[in-house]
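This report refers to the structure that appears directly beneath it.
Convention: sequence-line order gives letters A, B, ...; per-chain numbering from 1.
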2 protein chains.
Amino acid sequence: MEARVAEQSSKRRVTLTRESILEAALRLCSPEGGGQLTFSRLGKELGADPTAVYRHFRDKDELVLALTDLTVQEGMELSRQALPDGPSDDWRAWLTVTAQSVRASYLARPALAVLAAARTTASPAETHSVEQLITVLHRAGLPVIEAAECYRALLDMTLAMTQYTAAFSILDRSAQEKDEAAWAVKYGMLPEDEFPLLHQSAPRLTELFRDDDGVFALVLTTFLDGVAARIERARKA
Amino acid sequence: MEARVAEQSSKRRVTLTRESILEAALRLCSPEGGGQLTFSRLGKELGADPTAVYRHFRDKDELVLALTDLTVQEGMELSRQALPDGPSDDWRAWLTVTAQSVRASYLARPALAVLAAARTTASPAETHSVEQLITVLHRAGLPVIEAAECYRALLDMTLAMTQYTAAFSILDRSAQEKDEAAWAVKYGMLPEDEFPLLHQSAPRLTELFRDDDGVFALVLTTFLDGVAARIERARKA
DNA sequence: ACCTGAACACCGTTCAAGT
DNA sequence: ACCTGAACACCGTTCAAGT
C-alpha cells in the first residue's frame, strides 16, 4: 500500500502575472529545469492550470519572444560587467567578450536557444546593442555599411553556433551517446593508410567533441582575424 | 450533398523497403513536401500505416541519421560536380564550394537540417570528406593538428549557419512575418540622433534579412580570410 | 477579469492482432 | 516476416464553464 498523497496541489485559484510566468519559464528552459518548455510543465511550475498562461500571452510564440528579449538583455549586461569601461579602443577584446556573453546567456537556457536564437524582436535592448556593435566596427576602421554587414555576419555566426550547441545538448541522452561513440570509437579506429591525417588528429578531434567552448573560441578568433584583415584593407583604400 | 469519396486508400497491404521509406522521408523534408517529418505524414506518403516504418527503423532517430548520411553524401557529390578536378592548389575556392554544397544539400530539406545538422554518423561518406578537408588545409600550409582544428571550426560554423537558416525557414508564416516586420518597420524608424549608424545602414540590413545566402557568403569569406592569416603565420614560423 | 477543465488535432512509440 | 490498428502519454490551442 502506498502512502496517500495529500491534496497538495491545493486546487485554489492562483494569481499569475506576466513576471511570474516569465520567471517560471526561464527556470524550465535551464538544464536543471529539465530543458523543455511546455505549457503543462509551466502550469505545474506555477501551480496553475496549463491554459491559464493564455490569459497573459497570446500563444507560445509571444512567450518565447518575451523570453528572448530578457536573455539578450542579460547577455549585454554580462558583457558590461566583464568590461565595465565599455568598448575601449580594443575592438577585438570587446567583440570577443560580447559574443561570448550573449552565447553564455543563451546556453544557460538551451531550450530557449533552440526556439529563439534565429528570431528578431527589435526590442530596445536589441537595437541598442546593434548600434553599439556597428559603432565599434566603424571606429575600428570599417565604412558604415561594411561595419553593418560585419555586425550581421558576426551576430548570426554567434547565434547560429549557440543554437547548434544548444540543440545537441537537449537531445536524448541515448542520441548524444550515439554521436560520442561515433567520434571516440569509429574515428579512433580508422585505418592509417586510408586516413593518415584523420588517424593522426583523431585524439584532438575527440577532445574537441566535448569542448563546445573551445570550438566556438576557435571559430570566433578565426572570424575576427578575418575582420582584422578587412579593416587593414579598408584603411589602405 | 457532397460527392462520396471512393475507397481510394485501398486498404491492401503495402510492402515497404528501407529505400522507399528514405525516399519518401526526403520528399517530406523538402519545402514542397510540407517541411515536416512525422510518422503520420510518412505513412500517408507511403500509403501504409504510420507505424509500419518501425519494422525498418528502430525509432525516428535511426531514420534521421540515415537521412543525414544521404544528405552529406549528396553534398559531397555536388561539390565534386562543381569542381571536377578535386582540391587543386586553390584551397580557398575548394573550401568555399564544398561548404556551399553541403549547405545547399541540407537547405533542400530544412526539416532534416533542423533535426540532424548537429549529428555525427561516422559514415564512410563523412569520414572520407573529413580526411579530404584536413588534407586540403594541411597542404595549404597548416600543421596537421591545426588543420584538424580548422576543419572542425569551418564545418561546425557551416552546419550551424545551415541549421539556423533552416530553423527560421520552417517557422509558421506568422512568426516569420513578425520578424520581417521587426526589421523592415522598427529598424527603419529608429531616431537618427540616438541610432545614427543603424539609421544609415538600415536599408542594407533589411536587404540582408531576406538574403541568407549573402549572409553566409559574408561569414564564410571572413572566416577564410582568418584561415589565410593563420596559414601565413604558420609559414613564417 | 481571469482561472479551470474538457475537448480537439496533433506528436512518437508500444503491443496485440491480423495476414 | 511484416503490416494494421488500437492504445498511451504527450504536444499546443480553443472554448464553455466557473469564481
Rounded off to whole Å, could you give me the [atom1]-to-[atom2] distance for the [X] and [N] pair?
X	N	atom1	atom2	result
A:Lys44	C:dG5	NZ	P	14 Å
B:Phe57	C:dT13	CZ	C1'	16 Å
A:Lys60	D:dC11	NZ	P	9 Å
A:Asp49	D:dT13	CG	P	15 Å
B:Ile21	D:dC2	CD1	P	11 Å
A:Arg41	D:dA9	CZ	P	17 Å
B:Phe39	C:dT14	CZ	C1'	12 Å
A:Asp61	D:dC11	CG	P	18 Å

**Study point:** Base paired to C:dC10 (Watson-Crick or G-U; both N/O distances under 3.5 angstrom)
**Key:** none
**Study point:** Watson-Crick or G-U counterpart of C:dC15, or none if no pair lies under 3.5 Å
**Key:** D:dG5
Exercise for review: Check whether the ring centres of A:Tyr187 and A:Phe195 lie less than 6.0 Å apart, and answer yes or no.
Suggested key: no
Practice item. Side chain of A:Arg13 only, please: which of C:dC11, D:dC3, C:dT4 is the nearest? Key: C:dT4
Point to revise | Closest to the A:Arg55 side chain, choosing from C:dT4, D:dC3, C:dG12 | key: C:dT4
Practice item. Compare every heavy atom of A:Gln163 with every heavy atom of A:Val114, then report the nearest pair and how far apart it is. Key: O-NE2, 3.0 Å
**Study point:** OP1 or OP2 of D:dC11 under 4.0 Å from side-chain N/O of A:Ser40
**Key:** yes
Review point. Between A:Thr51 and C:dT4, does any side-chain N or O lie under 4.0 Å from OP1 or OP2?
Key: no
**Study point:** Under 3.5 Å: donor-acceptor pair, side chain of A:Lys186, backbone of B:Ser123
**Key:** no
Practice item. Decide if atom CZ of A:Arg55 counts as having more than 12 heavy atoms of other residues, nucleotides or ligands within a radius under 6.0 Å. Key: yes
Exercise for review: Would you mind classifying the nucleic acid contact of A:Leu37 as base, sugar-phosphate or nothing, using non-hydrogen atoms under 4.0 angstrom?
Suggested key: sugar-phosphate
Point to revise | salt bridge (charged side-chain N to carboxylate O under 4.0 Å, His left out) assessment of A:Glu149 paired with A:Arg152 | key: CA-CA 5 Å; A:Glu149 288 172 345; A:Arg152 184 74 152 90; over 6 Å; no
